[in-house]
Number of protein chains: 2
Amino acid sequence: MAGIKDVAAAAGVSVATVSRVLNGHPSVSAEARARVNRAVETLGYRPNAVARSLRTDQTHTLGLVISDVLNPYFTELARSVEEEARALGYSVIIGNADERPELQDHHVRNLLDRRIDGLLVSPTDGGSPLMLDAARAGTPMVFVDRWIPGVEVPVVRADGRGAVRDLVAHLYRLGHRRLAIIAGPAATTTGSERVEAFRAALAEHGLPLPDAYTGQGDFQAESGRRVTEGFLDLAEPPEVVFAADNLMALGALDAVRARGLRVPDDIALAAFDDIPWFVHTDPPVTAIAQPTGELGRAAVRALVDRIEGRTPRSVTLPARLVVRRSCGAPPTPSPVQRSTS
Amino acid sequence: MAGIKDVAAAAGVSVATVSRVLNGHPSVSAEARARVNRAVETLGYRPNAVARSLRTDQTHTLGLVISDVLNPYFTELARSVEEEARALGYSVIIGNADERPELQDHHVRNLLDRRIDGLLVSPTDGGSPLMLDAARAGTPMVFVDRWIPGVEVPVVRADGRGAVRDLVAHLYRLGHRRLAIIAGPAATTTGSERVEAFRAALAEHGLPLPDAYTGQGDFQAESGRRVTEGFLDLAEPPEVVFAADNLMALGALDAVRARGLRVPDDIALAAFDDIPWFVHTDPPVTAIAQPTGELGRAAVRALVDRIEGRTPRSVTLPARLVVRRSCGAPPTPSPVQRSTS
DNA sequence: GGCAGGGATGTAATCGATTCCACGAGTCCA
DNA sequence: TGGACTCGTGGAATCGATTACATCCCTGCC
């Protein structure tokens, strides 16, 4: 493969001049510039990004460590992150932590070794020493969706409290009084926040959230199934199950169906995180939709701000309720926003 | 950040010795090794992968360029690719081509500039000059799922012909005679192959595939919707619509539902590419399932074989039919394999 | 006419590792 | 005893770029 020296030789100039042409440095004669460009063209020369990175200490690469690539929410997040990064001249390396802290650490270490310019993380747990050290050592870093309290790192996330309140109001209006939740891992902020928001919203209607109605899940479908079975085994099962993410909702749907019960007639179902498939399930699932694409873009902008010396800002965007049929109401016009497709 | 020189100084040895310890070179005294390891530990030293890559001309990175990250099939493929690559000591950079040739080229160029060790591609089109040049220039490369004929590159893919024949037999047995297909782009191998397999299977039953029943899609949901609307507008609409991928099936489902029609009573539906969500749609969708995870792993193994000097083999694995309710049959035991979950 | 200033260019140091080669010391065997 | 060999080690070249610095030449102004 042709290197910068070959180009210099072919153009009859020094490597310094070639480099200047390549980087748009003003101080090059039009004549030399033309000769270099011609040589680049004929040799099919492409600069070696590895060498360039070593010298400039910039890789123009961002790391993104997410909890579960198979979760459509994170897939969409990853997609929007890549798009925005590309628009700003960066590439993205994605690490899938699969909700496993040690895998998360593996990816963080690997990305750091590769000297990425900045790190976007949706932490699986409360934060490993490795990640905290990196943040403290000054690695540009931004949390998306989930975050770790007490660390000086900007956070880009959605606030679901308003939407959860809307959801509970909607359920209350439909006559439901026994509401249960499948929570996410308490170690994640999204795991605990959603339970708290739910509990607070229930309290507004004078409803309790008994322990028996608080199931512990792990954001994966299987745990949703397991917890739901537990609910159904209760002497007095809940009338509604609210899953703190989409995969657990899927597991819940399975569990209900496996008993020969029907949604919403026998039990209602709602989920946090809307995804395109919820329109097509039987029945369509009422869900809380995050502005996922906007979150990804905002996170990249914050990270690049940090990298390029500007001051990054934390961003919180509102989530919104999307009413479908899984809680019993026909999706007729109502004060609450309806599904649009 | 500490460099190898710092470690050498702290351990009282030369950088050469540090490097030898780091790379497990045998010719180092136990004593020196211990001192180096201690210094590495206390300094928290991590080798700079960029510098290492420059020197060794290996990045231990694979590029994966896929057509659409939002398609669950490719998401799962990407996941299995990353897993297998990690197991073999490689990282993966994913490029999302979004079915756009120019974006595909952008990613290929970017990955080549970064000097990835090998490239895994599921080509969006018939192959750009850039990609063909790279293959010819000796860049280790493997095609997954889709491929480009006439290029000396191993291919890892699923053969759907048997499963399509099973599907058509299944439909025939249910009494369906007017079968239509939503095809993928003719420029992709999967686009044209699936139509051919379908046509051949129909022929075995003496059934034609009229032009009016061959709709042109682009593997995205919207095109499935559009083509299906066309089918429904025909004087004699088909009894079955077979979508050549999952997203177009989703679009078809939408179109049918928008007309107030029901699947499978008014029209039957089947899809190529099974995904977890098809179990939960209304009705559950009969689909042809590829061994996606195995494809991803086989592709990585082939690519790494090529990179490490062994001879890579092309791999073709069979797809299989998964019968659910969208074609009208109750999923009772039958010679054809049933859905398992 | 001489000198300051600025533009175009080349030489060489540099980034952080790996690795070839040389060298000294120790071992073995003739 | 000495040559051949091995082992542990360090010095220095190298990978392919960027860039500080020096140099040269031209222009403009006093």
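So you know, we letter chains A, B, ... as the sequences are listed, proteins then strands, and number each from 1.
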*Whichever of A/A16 and A/A30 has its nearest DNA chain C nucleotide further upstream toward 5'*: A/A30

_Among C/dA17, D/dA17, C/dT19, the one nearest B/P47 by side-chain distance_ = C/dA17

*B/T17 side chain N/O closer than 4.0 Å to the phosphate oxygens (OP1, OP2) of D/dG10?*
yes

*What is the distance, rounded to the nearest whole Å, between atom CZ of B/R46 and atom P of C/dG16?*
16 Å

*Can B/Q220 and B/D68 be said to form a side-chain hydrogen bond (donor to acceptor under 3.5 Å, both in side chains), step by step?*
CA-CA 9 Å; B/Q220 303 286 326; B/D68 182 5; 3.2 Å; yes

*Evaluate the criterion side-chain contact (heavy atoms from CB on, under 4.5 Å) for residue pair A/D145 and A/Q290; output intermediate values, then yes/no.*
CA-CA 10 Å; A/D145 184 52; A/Q290 299 196 45; 3.9 Å; yes

*Nearest-nucleotide pick for B/S27, side chain only, options being D/dT9, C/dG10, D/dA17*: D/dT9

_Exactly one of A/L62, A/I307, A/V304, A/L303 should register a side chain to side chain contact (heavy atoms under 4.5 Å, CB included) with A/L88. Which one does?_
A/V304

*Under 4.0 Å between a side-chain N/O of B/R52 and OP1 or OP2 of C/dT18, yes or no?*
yes

*Nearest to the side chain of B/V13 - D/dG8, D/dG10, D/dA17?*
D/dG10

*If we ignore angles and hydrogens, is there a donor and acceptor under 3.5 Å between the side chains of A/R115 and A/S53?*
no

*Give a yes/no answer on whether the side chain of A/T56 brings an N or O atom under 4.0 Å of OP1 or OP2 in C/dC15.*
no

*Whole-Å distance between C/dA8 C1' and A/R33 CZ?*
11 Å

*Give the nucleotide from the list D/dT18, D/dT9, C/dT11 with an atom nearest to the side chain of A/R55.*
D/dT18

*Checking all strands, does B/S19 fall into the base, sugar-phosphate, or nothing category for heavy-atom contacts under 4.0 angstrom?*
base

*side chain to side chain contact (heavy atoms under 4.5 Å, CB included), paired with A/V300, selected from A/R86, A/E82, A/E84*: A/E84

*asked:* Under 4.0 Å, counting only non-hydrogen atoms across every strand here, what does A/N23 touch: a base, just sugar-phosphate, or nothing?
replied: sugar-phosphate

*asked:* Looking at B/S53, I'd like to know whether one of its side-chain N or O atoms comes within less than 4.0 Å of OP1 or OP2 on C/dA17.
replied: no

*Starting from P on C/dG16, measure out to CG on A/D57 and report it in whole angstrom.*
7 Å

*With a 4.0 Å cut-off on heavy atoms, is B/A49 in touch with a base, just the backbone sugar-phosphate, or nothing at all?*
nothing

*In whole angstroms, how far is the C1' atom of D/dT14 from the CD1 atom of B/I4?*
14 Å

_In this structure, how many angstroms lie between the P atom of D/dA17 and the CE atom of A/M1, rounded?_
10 Å

*Let me know, please, whether B/H25 or B/A51 comes out on the 5' side of the other along DNA chain D by nearest nucleotide.*
B/H25

*Out of D/dA17, C/dT19, D/dA20, whichever nucleotide has its closest atom nearest the side chain of A/R20*: D/dA20

*Provide, to the nearest angstrom, the distance between the CG atom belonging to B/L54 and the P atom belonging to C/dC15.*
14 Å

_For atom CG of A/L22 and atom P of D/dT19, their distance in whole Å_ = 12 Å

*Just by modelled atom types, is the A/G118 backbone N or O under 3.5 Å from a matching donor or acceptor in the A/R306 side chain?*
no

*Starting from P on C/dT18, measure out to CG on B/N48 and report it in whole angstrom.*
10 Å

